[in-house]
There are 2 protein chains.
Amino acid sequence: MQLDHLDTEIIALLVEDARRSYAEVGARIGLSASAVKRRVDRLRAGGAITGFTVRLDPSALGWTVEGYVELYCRNSTAPAVIRRAVDRFPEVVDASTVSGDADAVLRIVATDMRHFEQVLEQIGAQPFVARTKSVLVLSPLLRRASAPPPH
Amino acid sequence: MQLDHLDTEIIALLVEDARRSYAEVGARIGLSASAVKRRVDRLRAGGAITGFTVRLDPSALGWTVEGYVELYCRNSTAPAVIRRAVDRFPEVVDASTVSGDADAVLRIVATDMRHFEQVLEQIGAQPFVARTKSVLVLSPLLRRASAPPPH
DNA sequence: TTTGAAACAGTATTAAA
DNA sequence: TTTAATACTGTTTCAAA
């Protein structure tokens with residue numbers, strides 16, 4: 001789907017605060033509320049906007065430990081197999097297969113170090129996992145909700 | 001701040017869809033709309049909920065290339081210095097200082113491979129950066145907006 | 001096609017109990 | 001906490017650019 005500059009402005013405003021009313025968004029970009037609604041509907045139908053969520057502070061919710069985990073898998077493990085396995089852990093907030101030595105990279109949150117270790121053990125015990133290598137997050141520097149539209 | 005099970009249910013429902021009305025959330029957990037609003041207000045004031053955003057599909061917006069970048073910095077670079085530097089790049093969607101050999105891990109999105117390379121060069125050219133090491137994302141497996149409340 | 005104005009229904013918000 | 005009153009907002013319709 002094709003986005004014009006008004007669409008990108010709408011997205012940028014909603015990334016900042018998705019609770020803004022159509023009227024307010026419209027006032028900022030020179031459009032009526034109904035015109036904004038139509039564009040938002042189109043952006044949702046077209047798949048650019050996939051939903052609306054709350055932004056949470058992990059530490060305020062009790063997630064005090066965070067880390068990146070590289071997964072080294074046994075020969076030719078399908079991405080779908082990895083996905084199904086990690087999907088069962090709510091602690092895994094991000095997972096991708098990657099180029100390089102490792103097969104996948106996960107981002108994991110845990111309530112404390114013991115919990116982190118337990119999750120790591122459970123993931124390492126999956127039949128397709130040969131080994132894991134993990135680093136702990138020391139300070140979160142930047143956590144953008146989503147990338148804004150390019151250019 | 002302390003969360004009871006109703007708070008965690010409210011958060012879980014809003015993570016799924018932040019556009020649900022207070023009345024709908026209330027109906028699902030057995031509370032009136034105004035009671036839900038009061039709790040959401042309290043969760044925002046307490047910092048557990050930091051805002052409301054749209055969930056975007058990066059590929060639908062033209063971000064086709066994604067990767068992890070490890071940053072190796074010169075002796076004793078303060079986290080704040082790294083943050084200030086990477087904050088200027090909208091392509092950096094996530095950054096943390098980490099334990100292990102590298103000093104920081106970034107997640108970067110780009111419109112194409114050439115763009116990814118350009119961003120990598122610009123970051124590598126920062127005075128405090130000794131070298132970078134990056135892996136490309138092959139398939140995104142899981143992208144949870146936020147971690148739900150623990151337990 | 002895409003827009004703005006109007007009308008209605010639904011929701012947020014506040015005050016009161 | 002609920003209920004109830006009010007103001008706003010979402011949503012649809014329709015006519016116009």
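Bear in mind the structure is a predicted one, so any value in this text is a computation, not a measurement. Reminder, nothing fancy here: chain letters follow the sequence lines and each chain counts from 1.
At the heavy-atom level, R39(B) lies under 4.0 Å from the strands shown only through sugar-phosphate atoms.
Looking at which nucleotide of DNA chain C each of D41(B) and S32(A) is closest to, the 5′-most match is held by S32(A). Both S21(A) and R38(A) lie near DNA chain D, and the one whose nearest nucleotide falls closer to the 5' end is S21(A). Closest-nucleotide positions on DNA chain C for A35(A) and R19(A) were compared, and the one nearer the 5' end corresponds to A35(A).
Counting to the nearest Å, the C1' atom of dT1(C) and the CG atom of L6(A) are 14 Å from each other. Distance, I10(A) CD1 to dG10(D) P: 13 Å, rounded to whole Å. To the nearest angstrom, C1' of dT11(D) lies 14 Å from CZ of R44(A). Following rounding to the nearest Å, R20(B) (CZ) and dG10(C) (P) show an atom-to-atom distance of 19 Å. The CZ atom of R42(B) sits 18 Å away from the C1' atom of dT13(C) (whole-angstrom rounding). For the pair Q2(A) CD and dT1(C) P, the interatomic distance rounds to 17 Å; values are reported in whole Å. Rounded to an integer number of Å, the gap from CD1 of I29(B) to C1' of dT2(D) is 14 Å.
Seen from the ring of Y72(A), R131(A) counts as a face-on cation partner, given the 6.0 Å and 45° thresholds. Seen from the ring of F128(B), R74(B) does not count as a face-on cation partner, given the 6.0 Å and 45° thresholds.
Side-chain nitrogen and oxygen atoms of K37(B) include at least one within less than 4.0 Å of the OP1 or OP2 phosphate oxygen of dT13(C).
With no hydrogens or angles considered, no side-chain donor-acceptor pair links T50(A) and R44(A) at under 3.5 Å. Side-chain polar atoms of T97(B) and R83(B) form no donor-acceptor pair below 3.5 angstrom.
A donor N or O paired with an acceptor N or O is not found under 3.5 Å between the base of dT1(D) and the side-chain atoms of S34(B).
In this structure a side-chain-to-backbone donor-acceptor pair under 3.5 Å is present from R144(A) to V92(B).
Proximity note for Y22(B) (side chain, C-beta onward) versus dT13(C), dT11(D), dT2(D): the nearest is dT13(C).
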